[in-house]
Amino acid sequence: MSVFFPSAPPAVSILTHRSTTTAITCRSSLQTLSPPQPSAPSSLSLPLSSNSSLPNPKTSPASSSGCSLNCPHFDSCSGCTHEDNLHRPVMLQEATTFFKKLGVSDFTFDTCRLWGWRCRAKLAIRGSSTDPLIGLYEEGTHNVVDIPDCKAHHPSINAAIELLRKGLLFRCFFCLALHFSGIKILNIDPYDEDERTGYLRYVQMAVTTYNTSLPASERYRSGRVQVSLVWNSRSETSASAEKLNNLATFLWRNGGPNSKVHLIHSVWANFQTSTNNVIFGNRWRHILGERDFWEHVGGIDVYLPPSSFGQANTRAFDSLLQKLHKYVPLGSSVTDLYAGAGVIGLSLASARKCRKEISVRCVEINKESKLAFEKTIDRLPSSIDSSISWHHADTSIEPVSWLVGSDILVVDPPRKGLDPSLIGALRDIKSAERKAMTLESPTFKAKDEKRPWVLRAREDSIQIPSRTIQEENRSLPQTLIYISCGWESFKENCTALLSSKAWHLTKAHGFNFFPGTQSIEILAVFKRGPGTSTKKKKSGKKKKKNKLS
């Protein structure tokens, strides 16, 4: 499959029945997953802790005791908000009631995996080199709570954290290739926010469960970790570069392919000296291990560099994508807004039911996602005959131009919800449709273009043309598929869309992306028009009035 950079690309259940109650699908296998045990050098006699294995409850998943967190860090850690009934988040009843009032009585909820589900974690590192703290901030503070035995983390993350901790504690590595020549003190101090001293600020642990050399049933439990060390310096040329390299070498020697258990996928460094709360700086460096990080979700291989956004719960995300495929008919033209690396749109393009003449257009504001999109499309099946494109653009600017030419609009916004300008365009979509017929749309018109945001989007776009000649489509979406990670913003956006009478809600599904929290992921399907009124019609015939003679 060839990639073109065109001269004028487009711009800018436990319960299985369905009734008025929620249908809950509890698909967690609930088996014990023992974390990998990286070997330590012969000079280190302390083994890694095995306390991060997942619980194996003997009771039914539906029971409170069988779906309890049982995490030793619950009282101090800010990550989880409730210990019991992990399969039924606190927000679930509110969501069920909300959708029922809107006429969706068959709202379903998929709980997926309840423990060891988190495959991506950003953790703060504070304390000292003799007593490092690796975990999350205490609620409302910048005091780090150590969470070595987190029950939400994939066990490989806990094992990698333990290995990093030992690297800081024991501070040793073999200096020569084949002969032990002594111990070298690394002297790596965690970052001190008050003094702005120290070296290691944060670490991102990302697990890939994609390993084709293993049977599919073993891939999840054997996940390898991409370790990204956030270093308190401007670049790799700083005075502390040797300490960074020594720490990376320690992780690789004791968790890489030549260790007893291959735990570490790769080691990266991010350089950050800012005093604000932004975790990552703009400069990255690959140090050791594999450069390319792949995961398999939604039926496709997805490339995820450490700088890109990735779903923490890959199993739940895959479940959502499989559900999403059902609402995209054969031959649809799809626009994927807030697309990131285009995982949702590319998953739809590769679905067997959608391989004929489907058009997928992905729009994303983060330019860093472009590389991930390019790598991902290179692995799509060559049999796909689809028009696929990615555009670096801000969807809040002239959003109507991105709606033109789409049968289906898919939105996956950040927690704050849709941009107000996009909400306005969707609420007044009839007017937008009339405007689209005369609009000098960046998608179709290239001549005499002067709008700077359109020109930037064209410059940074990627397009794969279909082998089949397709007619120009000037229609606007008849279906809106909304994926939400922010419940409050979704309710607000949903109410705004329905109150305009331009859309009506037909389906809604929930997914337990973050067991132990008050958050649920929503997949909602809207159709154009006001829909059928839920008010009961008055029965009986009208009596005829007697005419006076």
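All heavy atoms count here, side chains included; hydrogens, waters and symmetry mates do not.
- Going from atom CG of L320 over to atom CG of N313 covers 10.5 Å, rounded to the nearest 0.5 Å.
- At distances below 3.5 Å, not a single donor-acceptor pair connects side-chain atoms of D146 with backbone N or O atoms of L133.
- For Y482 and W503, the distance between ring centers is not under 6.0 angstrom.
- One N or O on the side chain of S156 and one on the backbone of G223 form a donor-acceptor pair closer than 3.5 Å.
- Taking all atoms of both residues into account, the shortest heavy-atom contact from S347 to H325 is OG-NE2, 2.8 Å.
- Counting non-hydrogen atoms of neighbouring residues, nucleotides and ligands closer than 6.0 angstrom, the CD atom of E492 reaches no more than 12 such neighbours.
- Few gaps surround CD on E94; more than 12 heavy atoms of other groups in view lie less than 6.0 Å from it.
- Side chains of D407 and S332: no donor on one and acceptor on the other come within 3.5 Å.
- In this structure, the ring of F293 has its center less than 6.0 angstrom from the ring center of H265.
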Intermediate values then yes/no, salt bridge (charged side-chain N to carboxylate O under 4.0 Å, His left out), K375 and D301: CA-CA 9 Å; K375 291 269 193 177; D301 295 344; over 6 Å; no
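- Side chains of S499 and R427: a donor-acceptor N/O pair is present below 3.5 angstrom, by distance only.
- Geometric assessment of R379 against the ring of W294 yields a positive cation-pi assignment under the 6.0 Å and 45° thresholds.
- The 12-atom threshold is not exceeded at CG of N282, counting heavy atoms of other residues, nucleotides or ligands nearer than 6.0 Å.
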Test salt bridge (charged side-chain N to carboxylate O under 4.0 Å, His left out) applied to R361 and D336, step by step: CA-CA 6 Å; R361 179 175 50 182; D336 179 10; over 6 Å; no
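- Between the side chain of N493 and the backbone N or O of L418, at least one donor-acceptor pair lies under 3.5 Å.
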Chi angles and distances behind the side-chain hydrogen bond (donor to acceptor under 3.5 Å, both in side chains) call for S396, D394: CA-CA 5 Å; S396 67; D394 185 347; 2.7 Å; yes
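- Counted by atom type alone, K527 and T479 present one or more donor-acceptor pairs between their side chains at under 3.5 Å.
- For the pair Q204 (side chain) and P306 (backbone), a donor-acceptor distance under 3.5 Å is present.
- With a 4.5 Å cut-off on side-chain heavy atoms, Q93 and R88 count as touching.
- For the pair C485/I520, no side-chain contact is recorded, criterion being any heavy-atom separation below 4.5 Å from C-beta on.
- Of the N and O atoms on the side chains of T209 and E295, at least one donor lies less than 3.5 Å from an acceptor on the other residue.
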Worked verdict on E193 versus R126 for salt bridge (charged side-chain N to carboxylate O under 4.0 Å, His left out): CA-CA 9 Å; E193 289 187 58; R126 299 295 185 268; 3.3 Å; yes
Worked verdict on N366 versus Y338 for side-chain hydrogen bond (donor to acceptor under 3.5 Å, both in side chains): CA-CA 9 Å; N366 181 8; Y338 310 94; over 6 Å; no
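- Expressed to the nearest 0.5 Å, how far CE of M205 lies from SG of C119 amounts to 13.5 Å.
- Contact detail for F511 and S319: the closest heavy-atom pair is CE2-OG, 3.8 Å.
- For the atom pair CD (Q478) and CD1 (I429), the distance works out to 7.5 Å, reported to the nearest 0.5 Å.
- For the residue pair G340 and S369, the shortest heavy atom distance occurs at O-CB, 3.3 Å.
- Of the N and O atoms on the side chains of T335 and S406, at least one donor lies less than 3.5 Å from an acceptor on the other residue.
- Looking at K151 and P72, their side chains come closer than 4.5 Å, going by heavy atoms from C-beta outward.
- A cation-pi contact, defined as under 6.0 Å to the ring centre and within 45° of the axis, is absent between R201 and F280.
- A pairwise comparison of heavy atoms in S350 and I300 identifies OG-CG2, 2.8 Å as the closest pair.
- Between the side chains of S389 and H391, at least one donor N or O lies within less than 3.5 Å of an accepting N or O.
- In this structure, H87 has its ring center at least 6.0 angstrom away from the ring center of F109.
- A side-chain donor-acceptor contact under 3.5 Å links H504 to the backbone of G529.
- Looking at H509, its side chain never comes within 3.5 Å of a backbone N or O of L324 through a donor-acceptor pair.
- In summary, the side chains of Y210 and R224 do not present any donor paired with an acceptor at a separation below 3.5 Å, with no hydrogens or angles considered.
- Put simply, the side chain of F514 reaches to within 4.5 Å of the side chain of R118, judged on heavy atoms.
- Separating the OG atom in S307 from the CG atom in L371 is a distance of 7.5 Å, to the nearest 0.5 Å.
- Residues N276 and S274 bring a donor and an acceptor atom of their side chains to less than 3.5 Å of each other.
- No side-chain donor from either of Y137 and N277 sits under 3.5 Å from a side-chain acceptor of the other.
- Using cut-offs of 30° and 60° on the angle between ring planes, the pair W268 and W284 is perpendicular.
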Worked verdict on S68 versus N70 for side-chain hydrogen bond (donor to acceptor under 3.5 Å, both in side chains): CA-CA 6 Å; S68 295; N70 297 320; 4.9 Å; no
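- The ring of F513 has its center no closer than 6.0 angstrom to the ring center of W117.
- Taking 4.5 Å as the limit, some side-chain heavy atom of L426 sits within range of a side-chain heavy atom of L497.
- Classified by interplanar angle (parallel below 30°, tilted 30° to 60°, perpendicular above 60°), the ring pair F99/F490 is tilted.
- Contact record, P399 with L422: CB-CD1, 3.9 Å, taken as the closest heavy-atom pair.
- Taking all atoms of both residues into account, the shortest heavy-atom contact from T495 to K491 is OG1-O, 2.8 Å.
- Under the 4.5 Å side-chain criterion, counting only non-hydrogen atoms from C-beta, I147 is in contact with L123.
- H73 places a side-chain N or O within 3.5 Å of a backbone atom of D149 that can act as its donor or acceptor partner.
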